[in-house]
Amino acid sequence: MRVLVTGGAGFIGSHITDLLAESGHEPVPLDGLVPTAHGPHDPEPHEHGPHEHGPDTDRGGPDHIGPHRFVRGDVTDGALVRDLLSGVDAVCHQAAVVGHGLDPSDAPTYTFNNDHGTAVLLAAMYEAGVSRLVLASSMVVYGEGRYVCPEHGDVEPAPRSRADVDAGVYDPRCPGCGEIPESRPIGEDAPLRPRSVYAATKLAQEHLAAAWARQTGGTVWALRYHNVYGSRMPSDTPYAGVASLFRSALRRGEAPTVLEDGRQRRDFVHVSDVARANLLALRTAPAPGSLTPVNVCSGEPCTVGELATELAAACGGPAPRVVGGARPADVR
(Lines give C-alpha, C1' and ligand atoms only; values in the text may rest on other atoms or scores of the structure.)
Protein backbone atom coordinates (compact mmCIF):
# COMPACT_ATOMS: atom_id res chain seq x y z
CA MET A 1 0.00 0.00 0.00
CA ARG A 2 1.30 3.43 -0.95
CA VAL A 3 0.29 6.07 1.60
CA LEU A 4 0.66 9.84 1.52
CA VAL A 5 1.42 10.95 5.09
CA THR A 6 0.87 14.69 5.51
CA GLY A 7 2.90 16.06 8.40
CA GLY A 8 5.09 13.02 7.82
CA ALA A 9 8.20 14.53 9.43
CA GLY A 10 6.36 15.63 12.55
CA PHE A 11 6.05 14.11 15.99
CA ILE A 12 3.26 11.63 15.21
CA GLY A 13 3.62 11.57 11.43
CA SER A 14 7.24 10.43 11.53
CA HIS A 15 6.32 7.46 13.74
CA ILE A 16 3.52 6.54 11.31
CA THR A 17 5.93 6.85 8.39
CA ASP A 18 8.46 4.55 10.08
CA LEU A 19 5.82 1.98 11.02
CA LEU A 20 4.38 1.91 7.50
CA ALA A 21 7.82 1.23 6.04
CA GLU A 22 8.58 -1.44 8.67
CA SER A 23 5.27 -3.12 7.80
CA GLY A 24 6.10 -3.38 4.10
CA HIS A 25 4.17 -0.35 2.87
CA GLU A 26 5.43 2.66 0.92
CA PRO A 27 5.00 5.92 2.83
CA VAL A 28 5.27 9.27 1.05
CA PRO A 29 5.84 11.83 3.84
CA LEU A 30 4.96 15.44 3.06
CA ASP A 31 5.88 18.16 5.56
CA GLY A 32 6.34 21.93 5.53
CA LEU A 33 8.64 21.84 8.59
CA VAL A 34 6.86 24.76 10.24
CA PRO A 35 8.59 25.99 13.42
CA THR A 36 5.42 25.73 15.54
CA ALA A 37 5.51 21.97 15.02
CA HIS A 38 9.24 21.32 14.86
CA GLY A 39 10.65 23.98 17.16
CA PRO A 40 12.81 27.02 16.40
CA HIS A 41 15.94 25.12 15.36
CA ASP A 42 14.56 23.75 12.10
CA PRO A 43 14.81 25.53 8.74
CA GLU A 44 12.38 28.17 7.56
CA PRO A 45 8.97 26.77 6.60
CA HIS A 46 7.65 26.11 3.11
CA GLU A 47 9.64 25.74 -0.01
CA HIS A 48 7.62 25.85 -3.19
CA GLY A 49 7.43 22.57 -5.04
CA PRO A 50 8.60 19.08 -4.12
CA HIS A 51 12.02 18.53 -2.64
CA GLU A 52 13.12 14.97 -2.13
CA HIS A 53 15.70 14.14 0.50
CA GLY A 54 17.46 10.96 1.44
CA PRO A 55 18.89 10.03 4.82
CA ASP A 56 22.10 12.02 4.27
CA THR A 57 20.34 15.34 3.70
CA ASP A 58 22.06 18.52 4.86
CA ARG A 59 18.85 20.51 5.17
CA GLY A 60 19.34 20.91 8.94
CA GLY A 61 15.90 19.72 9.96
CA PRO A 62 14.70 16.71 11.98
CA ASP A 63 16.96 13.68 11.82
CA HIS A 64 14.12 11.19 12.22
CA ILE A 65 12.68 11.12 8.71
CA GLY A 66 14.83 8.14 7.81
CA PRO A 67 15.39 6.74 4.34
CA HIS A 68 11.85 7.40 3.07
CA ARG A 69 11.18 9.61 0.07
CA PHE A 70 10.58 12.95 1.78
CA VAL A 71 8.84 15.88 0.16
CA ARG A 72 9.15 19.31 1.70
CA GLY A 73 6.03 21.29 0.93
CA ASP A 74 2.69 22.47 2.21
CA VAL A 75 -0.62 20.63 2.22
CA THR A 76 -2.23 23.91 1.11
CA ASP A 77 -0.31 23.63 -2.20
CA GLY A 78 -2.96 21.96 -4.36
CA ALA A 79 -0.73 21.33 -7.37
CA LEU A 80 1.92 19.65 -5.24
CA VAL A 81 -0.62 17.49 -3.41
CA ARG A 82 -2.25 16.39 -6.67
CA ASP A 83 1.16 15.39 -7.99
CA LEU A 84 1.96 13.37 -4.88
CA LEU A 85 -1.37 11.53 -4.99
CA SER A 86 -0.47 9.77 -8.23
CA GLY A 87 -0.41 6.05 -7.47
CA VAL A 88 -1.41 6.55 -3.83
CA ASP A 89 -3.86 4.09 -2.23
CA ALA A 90 -4.72 6.07 0.91
CA VAL A 91 -3.95 9.30 2.77
CA CYS A 92 -2.98 9.60 6.43
CA HIS A 93 -3.61 13.27 7.24
CA GLN A 94 -1.52 14.40 10.23
CA ALA A 95 -0.52 17.91 9.14
CA ALA A 96 -1.93 20.57 11.47
CA VAL A 97 -1.09 23.44 13.74
CA VAL A 98 -1.76 21.99 17.19
CA GLY A 99 -1.95 23.03 20.82
CA HIS A 100 -3.67 25.65 22.90
CA GLY A 101 -2.11 28.55 21.00
CA LEU A 102 -1.27 31.97 22.38
CA ASP A 103 -4.45 34.04 21.99
CA PRO A 104 -7.29 34.58 19.48
CA SER A 105 -4.89 36.22 17.02
CA ASP A 106 -3.77 32.66 16.21
CA ALA A 107 -7.15 31.94 14.59
CA PRO A 108 -6.15 32.73 10.97
CA THR A 109 -3.08 30.49 11.26
CA TYR A 110 -5.09 27.60 12.69
CA THR A 111 -7.93 27.84 10.18
CA PHE A 112 -5.66 28.28 7.16
CA ASN A 113 -3.40 25.35 7.95
CA ASN A 114 -5.94 22.98 9.48
CA ASP A 115 -9.19 23.68 7.64
CA HIS A 116 -8.13 25.22 4.35
CA GLY A 117 -5.32 22.65 4.13
CA THR A 118 -7.80 19.82 4.67
CA ALA A 119 -10.14 21.26 2.03
CA VAL A 120 -7.28 21.44 -0.49
CA LEU A 121 -6.30 17.85 0.31
CA LEU A 122 -9.86 16.53 -0.05
CA ALA A 123 -10.31 18.31 -3.38
CA ALA A 124 -7.06 16.82 -4.65
CA MET A 125 -8.07 13.35 -3.44
CA TYR A 126 -11.35 13.63 -5.35
CA GLU A 127 -9.54 14.68 -8.52
CA ALA A 128 -7.01 11.86 -8.12
CA GLY A 129 -9.63 9.21 -7.34
CA VAL A 130 -8.20 8.42 -3.89
CA SER A 131 -11.06 7.36 -1.62
CA ARG A 132 -9.45 6.31 1.70
CA LEU A 133 -8.60 8.81 4.41
CA VAL A 134 -7.34 8.48 7.97
CA LEU A 135 -7.72 11.84 9.70
CA ALA A 136 -5.89 12.96 12.82
CA SER A 137 -8.63 14.42 14.98
CA SER A 138 -8.54 15.14 18.71
CA MET A 139 -10.38 14.67 21.97
CA VAL A 140 -10.65 18.47 22.13
CA VAL A 141 -13.79 18.24 19.96
CA TYR A 142 -15.65 17.06 23.09
CA GLY A 143 -14.91 20.22 25.05
CA GLU A 144 -15.31 19.69 28.77
CA GLY A 145 -16.45 16.12 28.20
CA ARG A 146 -19.12 14.06 29.94
CA TYR A 147 -20.44 15.03 33.36
CA VAL A 148 -23.27 13.49 35.37
CA CYS A 149 -25.17 15.40 38.06
CA PRO A 150 -27.00 13.33 40.71
CA GLU A 151 -30.06 15.53 40.24
CA HIS A 152 -29.99 16.42 36.54
CA GLY A 153 -28.23 13.46 34.92
CA ASP A 154 -25.94 14.14 31.95
CA VAL A 155 -25.21 17.86 31.83
CA GLU A 156 -23.07 20.29 29.90
CA PRO A 157 -21.12 22.01 32.69
CA ALA A 158 -21.38 25.75 33.01
CA PRO A 159 -18.22 27.75 32.19
CA ARG A 160 -15.96 28.13 35.21
CA SER A 161 -16.49 31.49 36.86
CA ARG A 162 -13.61 33.83 37.65
CA ALA A 163 -14.77 33.87 41.28
CA ASP A 164 -14.48 30.07 41.49
CA VAL A 165 -11.05 30.03 39.87
CA ASP A 166 -9.79 32.81 42.14
CA ALA A 167 -11.11 30.82 45.12
CA GLY A 168 -9.33 27.65 43.99
CA VAL A 169 -12.54 25.88 42.89
CA TYR A 170 -11.60 24.47 39.51
CA ASP A 171 -14.25 21.82 38.87
CA PRO A 172 -17.11 23.03 36.66
CA ARG A 173 -20.60 23.24 38.09
CA CYS A 174 -23.96 21.87 36.98
CA PRO A 175 -25.86 24.66 35.18
CA GLY A 176 -29.10 23.51 36.83
CA CYS A 177 -28.25 23.32 40.53
CA GLY A 178 -24.74 24.74 40.82
CA GLU A 179 -23.34 21.58 42.37
CA ILE A 180 -20.14 19.94 41.07
CA PRO A 181 -21.06 16.97 38.85
CA GLU A 182 -19.00 13.80 38.40
CA SER A 183 -16.84 13.38 35.30
CA ARG A 184 -17.24 10.14 33.34
CA PRO A 185 -15.50 8.43 30.41
CA ILE A 186 -16.76 9.72 27.07
CA GLY A 187 -17.90 7.79 24.01
CA GLU A 188 -17.61 8.75 20.38
CA ASP A 189 -21.33 9.52 20.23
CA ALA A 190 -21.04 12.32 22.80
CA PRO A 191 -22.00 15.90 21.89
CA LEU A 192 -19.18 17.87 20.26
CA ARG A 193 -18.53 21.18 22.02
CA PRO A 194 -15.14 22.68 21.07
CA ARG A 195 -13.85 25.33 23.49
CA SER A 196 -10.78 26.73 21.69
CA VAL A 197 -9.84 27.82 18.18
CA TYR A 198 -7.76 24.68 17.76
CA ALA A 199 -10.68 22.51 18.85
CA ALA A 200 -13.01 24.31 16.44
CA THR A 201 -10.63 23.65 13.54
CA LYS A 202 -10.37 19.94 14.41
CA LEU A 203 -14.15 19.64 14.40
CA ALA A 204 -14.30 21.54 11.11
CA GLN A 205 -11.83 19.02 9.67
CA GLU A 206 -14.18 16.21 10.66
CA HIS A 207 -17.16 17.98 9.08
CA LEU A 208 -15.25 18.63 5.85
CA ALA A 209 -14.10 15.01 5.65
CA ALA A 210 -17.60 13.70 6.40
CA ALA A 211 -19.09 15.86 3.63
CA TRP A 212 -16.38 14.65 1.21
CA ALA A 213 -17.15 11.03 2.12
CA ARG A 214 -20.89 11.48 1.54
CA GLN A 215 -20.28 13.16 -1.82
CA THR A 216 -17.69 10.68 -3.09
CA GLY A 217 -18.46 7.40 -1.35
CA GLY A 218 -15.05 7.61 0.27
CA THR A 219 -14.14 6.29 3.72
CA VAL A 220 -12.84 8.25 6.70
CA TRP A 221 -11.53 7.19 10.08
CA ALA A 222 -11.38 10.20 12.42
CA LEU A 223 -8.89 9.21 15.12
CA ARG A 224 -9.55 11.39 18.14
CA TYR A 225 -6.16 11.44 19.81
CA HIS A 226 -5.95 12.13 23.51
CA ASN A 227 -2.72 13.57 24.97
CA VAL A 228 0.07 12.02 22.93
CA TYR A 229 3.59 11.78 24.35
CA GLY A 230 6.85 10.02 23.47
CA SER A 231 10.05 10.44 21.52
CA ARG A 232 10.29 13.31 19.02
CA MET A 233 7.83 15.51 20.92
CA PRO A 234 8.23 19.14 19.83
CA SER A 235 9.98 21.34 22.35
CA ASP A 236 10.60 25.03 22.98
CA THR A 237 7.35 26.10 21.32
CA PRO A 238 4.19 27.41 23.02
CA TYR A 239 2.17 25.01 20.87
CA ALA A 240 3.71 21.93 22.50
CA GLY A 241 1.76 19.69 24.86
CA VAL A 242 2.04 19.72 28.63
CA ALA A 243 4.34 16.68 28.79
CA SER A 244 6.78 18.40 26.44
CA LEU A 245 6.60 21.69 28.35
CA PHE A 246 7.38 19.91 31.63
CA ARG A 247 10.28 18.04 30.04
CA SER A 248 11.75 21.23 28.60
CA ALA A 249 11.58 22.97 31.99
CA LEU A 250 13.33 20.06 33.68
CA ARG A 251 16.07 20.06 31.06
CA ARG A 252 16.69 23.71 31.94
CA GLY A 253 16.90 22.74 35.60
CA GLU A 254 13.60 24.46 36.36
CA ALA A 255 10.58 23.16 38.23
CA PRO A 256 7.57 22.25 36.03
CA THR A 257 4.82 24.85 36.40
CA VAL A 258 1.41 23.28 37.04
CA LEU A 259 -1.71 25.41 36.67
CA GLU A 260 -4.89 25.08 38.76
CA ASP A 261 -4.42 22.63 41.66
CA GLY A 262 -2.75 19.94 39.56
CA ARG A 263 -5.79 17.66 39.78
CA GLN A 264 -7.05 18.30 36.25
CA ARG A 265 -7.13 14.95 34.44
CA ARG A 266 -5.76 13.89 31.08
CA ASP A 267 -5.38 10.59 29.25
CA PHE A 268 -1.80 10.22 28.02
CA VAL A 269 -1.26 7.79 25.15
CA HIS A 270 2.15 6.83 23.77
CA VAL A 271 2.99 7.87 20.22
CA SER A 272 3.84 4.27 19.25
CA ASP A 273 0.27 3.24 20.09
CA VAL A 274 -1.08 6.16 18.06
CA ALA A 275 1.04 5.10 15.07
CA ARG A 276 -0.27 1.54 15.42
CA ALA A 277 -3.86 2.83 15.49
CA ASN A 278 -3.21 4.64 12.20
CA LEU A 279 -1.80 1.49 10.61
CA LEU A 280 -4.83 -0.53 11.73
CA ALA A 281 -7.15 2.14 10.35
CA LEU A 282 -5.35 2.10 7.00
CA ARG A 283 -5.75 -1.67 6.87
CA THR A 284 -9.44 -1.66 7.83
CA ALA A 285 -12.07 0.07 5.72
CA PRO A 286 -15.09 1.56 7.53
CA ALA A 287 -18.48 1.94 5.87
CA PRO A 288 -18.20 3.81 2.55
CA GLY A 289 -19.66 7.28 2.35
CA SER A 290 -19.19 7.94 6.05
CA LEU A 291 -16.85 9.19 8.74
CA THR A 292 -16.20 6.87 11.69
CA PRO A 293 -14.76 8.47 14.84
CA VAL A 294 -12.57 6.51 17.27
CA ASN A 295 -11.08 7.58 20.59
CA VAL A 296 -7.34 6.81 20.66
CA CYS A 297 -6.25 6.78 24.30
CA SER A 298 -4.83 4.64 27.07
CA GLY A 299 -8.09 4.35 29.00
CA GLU A 300 -6.19 5.21 32.20
CA PRO A 301 -6.29 8.97 32.87
CA CYS A 302 -4.03 10.60 35.44
CA THR A 303 -3.73 14.09 36.84
CA VAL A 304 -1.41 16.72 35.41
CA GLY A 305 0.17 17.03 38.86
CA GLU A 306 0.96 13.32 38.91
CA LEU A 307 2.59 13.61 35.48
CA ALA A 308 4.75 16.55 36.60
CA THR A 309 5.79 14.73 39.77
CA GLU A 310 6.74 11.54 37.91
CA LEU A 311 8.72 13.45 35.27
CA ALA A 312 10.56 15.48 37.90
CA ALA A 313 11.51 12.30 39.77
CA ALA A 314 12.62 10.56 36.58
CA CYS A 315 14.81 13.53 35.62
CA GLY A 316 16.14 14.14 39.13
CA GLY A 317 14.81 17.66 38.88
CA PRO A 318 13.04 20.05 41.23
CA ALA A 319 9.51 19.29 42.40
CA PRO A 320 6.65 20.89 40.45
CA ARG A 321 5.30 24.33 41.35
CA VAL A 322 1.51 24.41 41.59
CA VAL A 323 0.53 28.01 40.84
CA GLY A 324 -3.26 28.05 40.55
CA GLY A 325 -5.01 30.07 37.87
CA ALA A 326 -6.55 28.64 34.71
CA ARG A 327 -6.47 29.44 31.01
CA PRO A 328 -9.88 30.40 29.61
CA ALA A 329 -10.26 27.51 27.15
CA ASP A 330 -8.74 24.77 29.31
CA VAL A 331 -10.89 21.83 30.32
CA ARG A 332 -10.85 20.23 33.72
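Computation of the quantities below employed the complete heavy-atom set of this structure, encompassing side-chain atoms and omitting hydrogens, waters and symmetry-equivalent molecules. Quick caveat: nothing in here was measured; it's all calculated off a predicted structure.
Hydrophobic clustering (ILVMFWY, side-chain heavy atoms < 4.5 Å, transitive): L19 and V269 are in one cluster. With hydrophobic clusters built from ILVMFWY side chains whose heavy atoms lie under 4.5 angstrom apart, V322 shares a cluster with L250.
For the pair V5 and L30, the minimum side-chain heavy-atom distance is 4.5 Å or more. When side chains are defined from C-beta on, I180 counts as touching V169, because their heavy atoms get closer than 4.5 Å.
Under the salt bridge (Lys or Arg N to Asp or Glu O under 4.0 Å) criterion, the residue pairs touching residues 194-214 are E206-R224, with sequence neighbours excluded. A salt bridge (Lys or Arg N to Asp or Glu O under 4.0 Å) check over residues 294-320, counting only residues at least two apart or in different chains, returns nothing. Pairs engaging residues 157-181 under the ring-ring contact (aromatic ring centres under 6.0 Å, His included) rule: none recorded [sequence neighbours left out]. For residues 256-284, the set of pairs meeting the ring-ring contact (aromatic ring centres under 6.0 Å, His included) definition, not counting sequence neighbours, comprises Y229-H270. Residues in residues 271-280 take part in these salt bridge (Lys or Arg N to Asp or Glu O under 4.0 Å) pairs, two or more places apart or across chains: D273-R276. Judged as a salt bridge (Lys or Arg N to Asp or Glu O under 4.0 Å), the pairs with a partner in residues 174-191 (not counting sequence neighbours) are, in order, E182-R184. Here ring-ring contact (aromatic ring centres under 6.0 Å, His included) pairs that include residues 301-331, with residues two or more places apart or in two chains, number zero.
The backbone N or O of N114 lies less than 3.5 Å from a partner atom in the side chain of Q205, making a donor-acceptor pair. Judged purely by atom type and a 3.5 angstrom limit, S248 has no side-chain atom pairing as donor or acceptor with the backbone of L245. The backbone N or O of P234 sits less than 3.5 Å from a side-chain atom of S244, completing a donor-acceptor pair. Using a distance-only test at 3.5 Å, with no hydrogens or angles considered, no donor-acceptor pair links the side chain of E260 to the main chain of R332. Looking at D31, its side chain does come within 3.5 Å of a backbone N or O of G10 through a donor-acceptor pair. Of the possible polar contacts, one joining the S290 side chain to the A287 backbone as a donor-acceptor pair under 3.5 Å is found.
No side-chain donor-acceptor contact under 3.5 Å links R263 and T303.
Every side chain to side chain contact (heavy atoms under 4.5 Å, CB included) that A249 has, sequence neighbours left out, goes to R252, E254. Listed by chain and residue number, nothing satisfies the side chain to side chain donor-acceptor pair (under 3.5 Å) test with D89 (two or more places apart in sequence, or in another chain). Scored by the ring-ring contact (aromatic ring centres under 6.0 Å, His included) test, H116 finds F112 as partners (sequence neighbours excluded). Legend: residues meeting side chain to side chain contact (heavy atoms under 4.5 Å, CB included) with S86, ordered by chain and number and at least two apart, are absent.
Atom CG of residue L121 and atom CG of residue D77 lie 12.0 Å apart, to the nearest 0.5 angstrom. A distance of 11.0 Å separates CG of D154 from SG of C174, quoted to the nearest 0.5 Å. One distance of note links CD1 of I12 with OG1 of T17; it measures 11.5 Å at 0.5 Å rounding. Here the CG-CG distance, from L203 to L192, works out to 5.5 Å after rounding to the nearest 0.5 Å. Summarising the geometry, atom CG belonging to L20 is positioned 6.5 Å from atom CE belonging to M1; distances are rounded to the nearest 0.5 Å. To the nearest 0.5 Å, atom CG of residue D267 and atom NE2 of residue H226 are 6.0 Å apart.
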- Item | Full working for salt bridge (Lys or Arg N to Asp or Glu O under 4.0 Å) between R160 and D166 | CA-CA 10 Å; R160 295 187 290 188; D166 289 345; over 6 Å; no
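Crowding of R2 atom CZ: a count of heavy atoms from other residues, nucleotides or ligands under 6.0 Å exceeding 12.
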Could you go through residues 91-99 and list every donor-acceptor pair under 3.5 Å that involves a side-chain atom there, pairing it with any protein atom two or more places apart or in another chain?
from, atom 1, to, atom 2, distance (Å)
H93, ND1, T6, OG1, 2.6
H93, NE2, T118, OG1, 3.0
Q94, OE1, Y225, OH, 2.8
Q94, NE2, Y225, OH, 3.3
Q94, NE2, N278, OD1, 3.1

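With W221 as reference, V294 is the one residue of V296, L133, V294 to meet the side chain to side chain contact (heavy atoms under 4.5 Å, CB included) rule.
When all heavy atoms of L4 and V28 are compared, the pair lying nearest together is CD1-O, 3.2 Å. The shortest non-hydrogen separation linking V331 to G143 is CG1-O, 3.3 Å.
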